[in-house]
Every structure is written in structure tokens, then in C-alpha cells.
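First up is the structure itself, then whatever we jot down about it.
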Amino acid sequence: MGDLFPLIVEHILLVLIAIAIASALGVLLGMISYWVPYLDKIILWIVDSLQTIPSLALLAILMIFFGLGNTTLIVGLVLYSLLPIVRNTYIGLTGVSPHLKDAARGMGMSRLQRMLKVELPLSFPLIFSGIKIATVTALSIAVMGVLIGSGGLGYPIFRGIQTMNFHAIMTGTIPVVIMALVFDFFMSKMEQKLVKRAK
Amino acid sequence: MIQFRNVNKSYGKKTILDNLTLDIKAGEFVILIGPSGCGKTTTLKTINRLIEPDSGEIFIDGKDITKMDPVKLRRTIGYVIQQIGLFPNMTVEQNIALVPKLLKYTNEEIDEIVHRLLDLVNMPYEENAKKYPSELSGGQQQRIGVLRALAASPPIVLMDEPFGALDPLTRDTLQEEIKKIQKKLGKTIVFVTHDMDEALRLADTIVFMNEGKVLQMASPEEMLQNPADPIIKSFLGKHMNNGNNAANMVASDFMRAKVLTVPKTKKTLECIALMSRRDVSSLIVVEDDDTYLGTVSVDKIKAEGKAGKEISELVTLESMTVNRNSNAQEAFELLIASPTGYVLVLNDDNTVAGLITKTSMAKAMGEALWGEMTQ
């Protein structure tokens with residue numbers, strides 16, 4: 001158990017770094033899709049397509065550019081996490097009541113002010129829900145990192161498969177499942193609070 | 001002062017504003033009314049450039065607004081919408097403070113504004129400022145909506161059916177409040193509604209629109225008297241009571257018919273007793289044939305009367321009289337001038353028909369305006 005703890009920490013760290021980058025990038029792309037007519041279809045199509053690439057293949061392709069190591073895994077996780085975040089940001093922004101947008105415009109708020117003070121705050125519950133989905137998914141996909149030489153809980157699982165050691169597979173899998181459940185539970189709680197407050 | 005000059009707007013083939021020319025005077029409460037699709041809301045929204053006209057010009061205080069930065073323009077014009085549109089993620093205070101913040105007022109100034117405005121609608125700062133809009137009733141929310149529009153003291157406030165979604169009781173209260181506020185602060189208010197009651201109640205000037213044009217622009221009184229078009233007539237509906245309006249009413253329409261008269265042969269003490277029993281301070285005295293002789297007041301009897309004398313000796317002609325078929329305005333002017341506070345109405349044969357007092361006048365006026373009163 002002693003050597004499992006650093007792996008768990010490393011696993012979470014990799015996922016959190018990737019989610020932080022994906023959130024910033026995803027919200028920005030969501031805003032651009034909302035702002036620029038026609039670009040919404042293109043951006044959503046691209047993030048949709050990224051999601052359809054099998055994770056193993058995506059990591060293999062990225063390895064060509066970024067080599068072996070944590071960077072490749074983080075880039076892969078970011079690309080994978082974009083879809084729910086971009087999509088939810090876009091849906092959230094377009095879904096803000098037209099009356100509120102009308103009021104904001106009528107009061108003399110510029111486009112950026114409307115975005116920062118009204119549209120983004122009101123979309124935040126939905127954006128957060130996208131981030132939650134991305135986080136939980138990324139926690140399990142990060143296991144693949146072992147194949148491209150990055151750390152995390154993929155290592156005990158992979159070694160277990162190679163040595164046909166069921167115990168080793170489980171020592172890697174169970175923490176991943178528990179982490180996913182814990183993240184899902186707490187982030188759902190926060191989501192409920194956000195939705196309640198927005199009403 | 002807002003001026004529209006040949007403003008056109010169409011969506012596809014549908015013309016919304018048809019060569020609209022309109023002047024709105026500063027400090028007036030102007031109501032835009034008309035059937036749905038008449039262009040009233042579009043007209044309103046061209047003022048703060050939420051809608052851009054296809055052609056024509058709009059001036060505010062002589063400045064062409066199409067040459068102004070729309071964002072800056074809107075900060076100088078208050079805007080209230082039917083759906084209220086308070087931002088649910090901000091407190092009451094933050095909602096009100098929004099435009100002053102955009103205009104970079106200092107925190108002290110903003111604080112003072114929020115306090116003063118909440119006082120204006122009797123919603124104490126301590127109880128309300130930190131609440132979120134969802135914690136307020138619909139009426140309170142729209143009060144805050146109005147305050148938010150007033151926060152940066154814009155000379156012009158646009159209101160798009162602001163009270164349309166409220167229950168009738170709350171609407172009444174808010175109408176009263178907004179009228180008071182408008183008078184007090186001297187704002188120019190442009191107000192869209194489809195409710196003629198509301199228009200007659202609030203407007204200094206009513207602009208009746210249909211198919212993108214102004215059909216009539218007039219004061220409520222003038223519109224009631226001379227509606228320029230059958231559509232306007234149908235909108236006025238119950239408010240038009242078949243020509244029975246103030247202009248062609250006569251004196252007898254305003255009078256109280258049941259009056260107390262005494263024959264001139266009545267004795268002074270009897271008269272005093274009668275007056276105290278009926279709780280009046282003067283009596284109308286008539287000749288034997290019931291024609292009008294004059295009036296006598298209790299003070300006069302007390303000062304000069306001797307017991308057992310006939311009342312006819314004390315009669316004066318100080319009370320104003322008017323023929324029952326006289327013009328109502330004449331009767332009204334006499335009433336205002338009358339030292340006794342009433343005017344006597346006489347029939348053609350000089351018998352007494354009734355009495356016009358300030359109460360009977362007000363009641364009749366009320367009925368002419370709003371129909372039969374219950375009391």
C-alpha cells in the first residue's frame with residue numbers, strides 16, 4: 001500500500017492539471033462559438049470529432065508530437081475533456097433568457113461586460129456540470145497514460161495484466177473507481193447548490 | 001426632447017415603422033399604445049438603439065443618435081421591460097448599482113443612490129438591499145426594475161409594458177408610484193402599453209399607433225372627446241360613455257336633487273330647529289308658489305332674528321343661482337366663486353331644482369370619467 005499513495009497523488013495531479021487547462025480553453029471556445037456566428041458549428045464539430053477518436057489512438061498520435069511522458073497524457077486529457085465543457089458553455093450562454101440579455105444590452109453593458117457579469121455567471125451551473133463530466137471521464141482515461149510512459153494508477157494495472165496478477169490489477173482499478181465516485185459525488189453536490197442559487 | 005424624422009423599419013416584407021415622424025417633449029409622460037404589431041415596441045427600442053431603423057433619423061436633444069456610441073447612449077437612458085429582467089445572480093443592491101458602476105461612480109455615490117432610491121419606494125435598505133430578486137414578490141421585483149433604470153439619473157426612461165405581468169392590485173400601486181416619481185424627478189417617460197386604462201391614467205400625451213404610423217397624438221381628455229379613428233374608439237371602449245362627457249353636460253347633471261326648502265312664512269325659531277335637526281347651516285326660502293326667493297343662514301338668524309318673526313325678513317340673495325340647462329362649465333365656475341360653497345339650480349319656472357356642492361360636482365365628474373359610481 002505504501003507505494004500506491006504516490007501513484008494516487010500523481011494520478012489526481014495529472015487529471016487536475018488537464019482539467020484546469022481544458023476548462024480555461026473550453027470556456028473560451030464556448031464563448032467564441034457563442035459570439036461568432038457560423039464558428040459555433042465548426043468548433044462544436046471539431047470537439048465532437050476529437051471525442052470519437054479512441055483514447056489509445058489519440059495518445060499514440062500525440063506521442064509522435066510530444067514524445068513519451070506526462071505532457072502527452074495531459075494534452076490528450078485536455079483534448080478529450082473539451083467536448084463536455086465547450087458544449088455546456090455554448091448551451092449555457094445561448095440558453096440565458098433573452099429578456100435578461102435584452103435588459104443587459106438596454107442598460108448599456110458592452111459585449112464583454114454582458115459576458116462577464118451576466119451571461120457567464122448565469123451559465124456557470126451548466127459549465128460546472130460539463131467540468132464534472134470531464135473530470136470523471138479523465139480520471140479513468142488517465143490510466144492509459146502508462147502506455148506512453150506517464151505516471152499514475154495505470155502502472156499497477158498494466159503490470160498486473162502483464163503478470164496475470166489479479167491483485168495488482170485491482171490495486172490500480174479500485175482507487176480509480178473510488179476517486180471517480182468521490183469526485184462525482186462532491187461535484188454533483190456543488191452543482192445542485194449552484195443551480196439552486198441561480199433560480 | 002426626442003424627435004423621429006421619417007423613420008422606417010421593416011422585417012422582410014413586413015413594414016413595422018412606416019415613415020414615422022413624432023416629437024416627444026421633455027418632461028412628459030408619453031404613452032405609446034395600439035394593437036399588437038402596430039410598431040409601438042419597435043418605436044421604443046429605436047430610441048436606445050436596441051433596434052436600428054432602416055432609414056430616417058432620431059434626435060435626442062438635437063443630437064442624431066445614430067452617430068452616438070450605442071453603449072454610451074444606453075447608459076443615459078433608463079430601460080424597464082415587462083419581464084423585469086433583474087439579474088438573478090446579483091442582489092437588489094448590485095442590480096440597482098449596475099449602471100452607476102458602469103459609469104464609474106464612486107462607492108460613496110453609489111451607496112447614497114441605492115439608499116435614496118429604496119427609500120423612494122418604501123423598501124428599507126436594511127431589509128432589502130442584500131436580497132436576491134427571487135426572494136422578492138413580483139411587485140417588489142418590478143419596483144427594483146424601475147429603480148435600476150433610474151439609478152444613474154437618466155433624463156429619459158423607456159418602459160416596455162412594465163406592469164403587464166403584475167396582478168391588478170399591484171399594478172395600480174405601481175402606476176401611482178411611477179406617476180409620482182415622474183412628477184417628482186421630472187423625467188421624460190416613454191411607456192408602451194396595450195391597456196387603455198393605464199394610458200388614460202398615466203399619460204400626459206397618448207400616441208396611438210397602427211401599422212407603423214401615428215393615428216393620433218393627444219392628451220387623454222382630447223382623445224376621449226375626439227378619437228380620430230374607429231380603431232381608437234374601439235380601444236377607448238368603456239371609457240367613451242356615449243357623448244355623456246364633461247363637455248356636453250349641463251348644470252342639472254351635477255346637482256343633488258333632494259334639497260330642503262322652507263316657505264317664507266316660516267318663523268325664525270322653527271327654522272333654527274329645522275336646521276339643527278337636519279344639520280345644515282342655511283335654508284332655501286321659497287315664495288308661496290314655490291319660486292325661489294333667497295337663502296338664509298343660521299348666523300344671520302342668530303344675529304338679527306327675533307323670535308316669532310317670519311323668515312322672509314332675513315332672506316339674502318348672496319347665493320349664486322344657475323339655470324338647470326346652463327353649461328356645466330358655467331356652473332363649475334360659479335361654484336368656485338361662490339362665497340357660500342354651493343350653487344342653486346333653478347328650473348325654467350324659477351322653482352328650485354337642486355343644489356350643486358363640491359361633493360356633487362366631484363361625484364358627477366367621476367361618473368362622467370369612469371362610469372356609474374357605487375356610492
Side-chain angles (χ1 to χ4, degrees), chain A residues 23-24 26-28 30-31 34-37 85 88-132 187-199, chain B residues 41 44-52 68-91 94-104 132-135 141-142 144-152 154 156-162 164-165:
Chain A
S23 298
V27 170
L28 194 70
M31 278 162 58
Y34 167 68
W35 267 342
V36 188
I85 299 174
N88 278 26
T89 305
Y90 178 75
I91 293 172
L93 293 175
T94 45
V96 171
S97 152
H99 310 309
L100 293 177
K101 291 180 187 170
D102 191 46
R105 225 153 70 84
M107 292 170 67
M109 294 168 91
S110 68
R111 205 154 76 147
L112 189 65
Q113 285 166 336
R114 293 202 297 272
M115 175 60 77
L116 296 179
K117 290 189 177 173
V118 178
E119 292 159 348
L120 268 186
L122 291 177
S123 315
F124 191 66
L126 209 59
I127 297 173
F128 187 78
S129 145
I131 294 175
K132 183 192 81 179
M187 289 176 88
S188 295
K189 282 270 174 222
M190 282 165 78
E191 192 185 337
Q192 278 166 14
K193 260 191 193 155
L194 288 171
V195 170
K196 221 188 210 167
R197 220 188 59 184
K199 269 188 185 157
Chain B
T41 297
L44 186 87
K45 286 188 174 177
T46 53
I47 299 174
N48 64 359
R49 290 187 64 187
L50 287 178
I51 293 175
E52 302 281 0
M68 296 164 81
D69 173 7
V71 168
K72 281 190 186 134
L73 171 76
R74 288 175 196 140
R75 289 177 189 171
T76 64
I77 300 177
Y79 186 49
V80 185
I81 60 175
Q82 181 179 3
Q83 301 79 8
I84 301 171
L86 291 179
F87 301 120
N89 54 320
M90 300 180 196
T91 61
Q94 288 167 331
N95 267 289
I96 297 176
L98 216 135
V99 183
K101 270 208 179 120
L102 294 176
L103 291 169
K104 310 238 174 341
Y132 283 90
S134 57
E135 300 171 74
Q141 286 184 24
Q142 192 56 300
I144 304 302
V146 171
L147 297 187
R148 183 175 65 175
L150 294 171
I156 299 170
V157 180
L158 308 179
M159 308 183 107
D160 191 0
E161 301 203 31

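Note that the structure is predicted; figures quoted are calculated from it, not measured. So you know, we letter chains A, B, ... as the sequences are listed, proteins then strands, and number each from 1.
With a threshold of 4.5 angstrom between heavy atoms, B/Leu102 approaches chain A through side-chain atoms but not through N, CA, C or O. Looking at B/Lys72, there are no atoms closer than 4.5 Å to chain A (heavy atoms on both sides), in backbone or side chain. Heavy-atom distances place the backbone of B/Leu86, and not its side chain, under 4.5 Å from chain A. No part of A/Lys101 comes within reach of chain B, as not one of its non-hydrogen atoms sits under 4.5 angstrom from that chain. For a residue to count as touching a neighbouring chain, one of its non-hydrogen atoms must lie under 4.5 Å from one of that chain's; by this rule B/Ile77 touches chain A with the backbone only.
The CD1 atom of B/Ile81 sits 7.0 Å away from atom NE2 of A/His99, with the distance rounded to the nearest 0.5 Å.
By the side-chain contact (heavy atoms from CB on, under 4.5 Å) test, A/Leu126 pairs with A/Asn88, A/Ile91, sequence neighbours left out. Annotation: side-chain hydrogen bond (donor to acceptor under 3.5 Å, both in side chains) contacts of B/Arg75 (sequence neighbours excluded): A/Gln113.
Taking each heavy atom of B/Pro70 and B/Arg49 in turn, the nearest pair found is CD-NH1, 3.8 Å.
Judged by distance alone, the side chain of B/Gln141 and the main-chain N or O of B/Pro133 form a donor-acceptor pair under 3.5 Å.
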